[in-house]
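Just follow the structure's listing: the first ligand is 1, and inside any ligand the first atom is 1. Treat the numbers as computed from the prediction; the structure is a model and nothing was measured.
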Amino acid sequence: MSAQDMPLGGKRAVITGASKGIGRAIATAYAVAGADVALVARDEGELTALAGELRTHGGKAFPIVCDVTDAAAVGKMAEQVLAEMHGIDILVNNAGIARSHKLVGHPDELWNRILTTNLTSVYLVTKALVQPMLDQRSGRIVNIASIAGKVGGRYVIAYTASKHGVIGLTRALAAELVNSGITVNAVCPGYVDTPMTEAAIANITEHTAMSAERARDTLERTNPQQRLIEPEEVASVALFLALETSKGITGQAINVDGGAVMF
Ligand code: NDP
């Protein structure tokens, strides 16, 4: 295998929310590109099965059970990462949840859960893992935001606020770390074909008269290409941002949405 075939050879990556959907696709793309990967989520069974699969690509793959909303658990996760991989080169903050609710009657618990899972976790995990990257004067931080981080939609105030927050955090941290050798970028997908979107479709059918087929079609139409994005398309951008040759790209929020949002 040449360096071109293994562009992440010798790199150590941590991916949160690695067990499903976009995180799983990113972990797979990184493992295929030669990286060792630490797979973080709450479901141990899914992580262990994925780690076994990814080891077949020749690198190391570690399942690490951690709720990224829990600061103490994040601290332990970071210790485990350093014990297993002796460092970190790439951090992907991908774990997230989506729920919809209108403002009137919005449960405070739901607001807090969404903000903590989608935004505070990025702060906690990055703070816990950035020091080794600062010490080695190189690193890549990739935050999976959303086009909901750039525009507002109906009935998703908490999700939208959290993703605007992720893009703000990305830009502020990119500025703070600009001379550290660490880049910080966000990826902003439109609707992606993952369990999260399946749950959104189920929610629409539950609360409206729409069939699942019509609900899926409605989500597909939010993309000018009239389709859901594949998780591998998001992984491809996350891989590109992790490359050594992407060192000049920082503070960016790159849309993967079929042209729905053009800024
Ligand atoms: P999925 O629901 O398919 O997967 C979410 C992943 O996050 C799972 O691995 C889940 O594992 C993990 N996770 C959730 N909560 C926690 C937590 N508290 N601690 C640790 N891990 C957690 O989501 P997607 O793959 O669709 O989404 C991934 C990211 O992409 C999210 O940030 C989402 O907001 C964003 N995104 C998704 C879009 C879409 O249309 N699907 C569009 C735009 C952005 P477990 O439950 O085992 O912990």
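In terms of N/O distances under 3.5 Å, ligand 1 is not approached by Glu46. Taking distance alone, with nitrogen or oxygen atoms compared against 3.5 Å, Ile97 stays at or beyond that limit from ligand 1. At least one N or O atom of Val68, backbone or side chain, sits closer than 3.5 Å to an N or O atom of ligand 1. At least one N/O-N/O distance between Asp43 and ligand 1 falls below 3.5 Å. For ligand 1, none of its N or O atoms has an N or O atom of Thr117 under 3.5 Å away.
Less than 4.0 angstrom separates some heavy atom of Tyr159 from each of these atoms of ligand 1: 33 (C), 34 (O), 35 (C), 36 (N), 43 (C), 44 (C). Listed by number with element, the atoms of ligand 1 under 4.0 Å from a non-hydrogen atom of Ala41 are 11 (O), 20 (C), 21 (N), 47 (O), 48 (O). With ligand atoms numbered from 1 in the order given, ligand 1 contributes 28 (C), 29 (C), 30 (O), 31 (C), 32 (O) to contacts under 4.0 Å with heavy atoms of Asn94. Atoms of ligand 1 found under 4.0 Å from any heavy atom of Gly96, numbered from 1 in the order shown, are 5 (C), 7 (O), 14 (C), 31 (C), 32 (O). Residue contact check: Thr197 has heavy atoms under 4.0 Å from atoms 39 (C), 40 (O), 41 (N) of ligand 1. Each of the following atoms of ligand 1 lies closer than 4.0 Å to a heavy atom of Tyr191: 40 (O). Those atoms of ligand 1 with a heavy atom of Gly21 less than 4.0 angstrom away are 25 (O). Atoms of ligand 1 lying under 4.0 Å from any heavy atom of Asp67, numbered from 1 in the order shown and given with element: 17 (C), 18 (N), 19 (N).
The side-chain contact (heavy atoms from CB on, under 4.5 Å) test with Val37 singles out one residue from Val92, Leu8, Leu54, and that residue is Leu54. Checked options Thr16, Thr126, Asn118; the residue passing with Asn93 is Thr126 (criterion: side chain to side chain donor-acceptor pair (under 3.5 Å)).
Taken from CZ in Arg113 to CG in Asp108, the straight-line distance is 12.5 Å, to the nearest 0.5 Å. The distance from the NZ atom of Lys60 to the CZ atom of Arg55 is 11.0 Å, given to the nearest 0.5 Å. The line from CG of Leu119 to OG1 of Thr69 is 12.5 Å long, rounded to the nearest 0.5 Å. Of the inter-residue distances, the one linking Arg12 atom CZ with Asp36 atom CG reads 8.5 Å to the nearest 0.5 angstrom. Atoms CD1 and CZ, on Ile15 and Arg24 in that order, are 12.0 Å from each other to the nearest 0.5 Å.
Looking at Asp43 and Ser19, their side chains never bring a donor and an acceptor atom within 3.5 Å of each other.
Scanning all protein heavy atoms for the shortest distance to atom 26 (O) of ligand 1 gives Thr194 OG1, 2.5 Å. Of the protein's heavy atoms, Ile22 N, 2.8 Å lies nearest to atom 25 (O) of ligand 1. Summary of contacts: the protein heavy atom closest to atom 46 (O) of ligand 1 is Arg42 NH2, 3.0 Å. Protein heavy atom closest to atom 8 (C) of ligand 1, with residue, atom name and distance, is Ser19 OG, 3.6 Å. Among protein heavy atoms, atom 40 (O) of ligand 1 sits closest to Val192 N, 2.7 Å.
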Salt bridge (charged side-chain N to carboxylate O under 4.0 Å, His left out) between Arg227 and Glu233, worked out:
CA-CA 13 Å; Arg227 65 185 183 88; Glu233 297 174 72; 2.9 Å; yes
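Looking at heavy atoms from C-beta onward, Gln136 lies in side-chain contact with Asp89 at the 4.5 angstrom threshold. Side chains of Lys150 and Lys163 form no contact here, defined as non-hydrogen atoms less than 4.5 Å apart.
Taking 4.0 Å as the cut-off, Cys66 counts as a neighbour of ligand 1 on heavy-atom distance. Distances from ligand 1 to the non-hydrogen atoms of Lys163 include at least one value under 4.0 Å. The closest approach between any non-hydrogen atom of Ile144 and ligand 1 is below 4.0 Å.
Remark: among candidates Ser146, Gly190, Ala98, the nearest residue to atom 38 (C) of ligand 1 is Gly190, based on non-hydrogen atoms.
The proximity of Ala145 to ligand 1, defined as any non-hydrogen pair under 4.0 Å, is limited to the backbone. Counting heavy atoms under 4.0 Å from ligand 1, residue Ala200 does not touch it at all.
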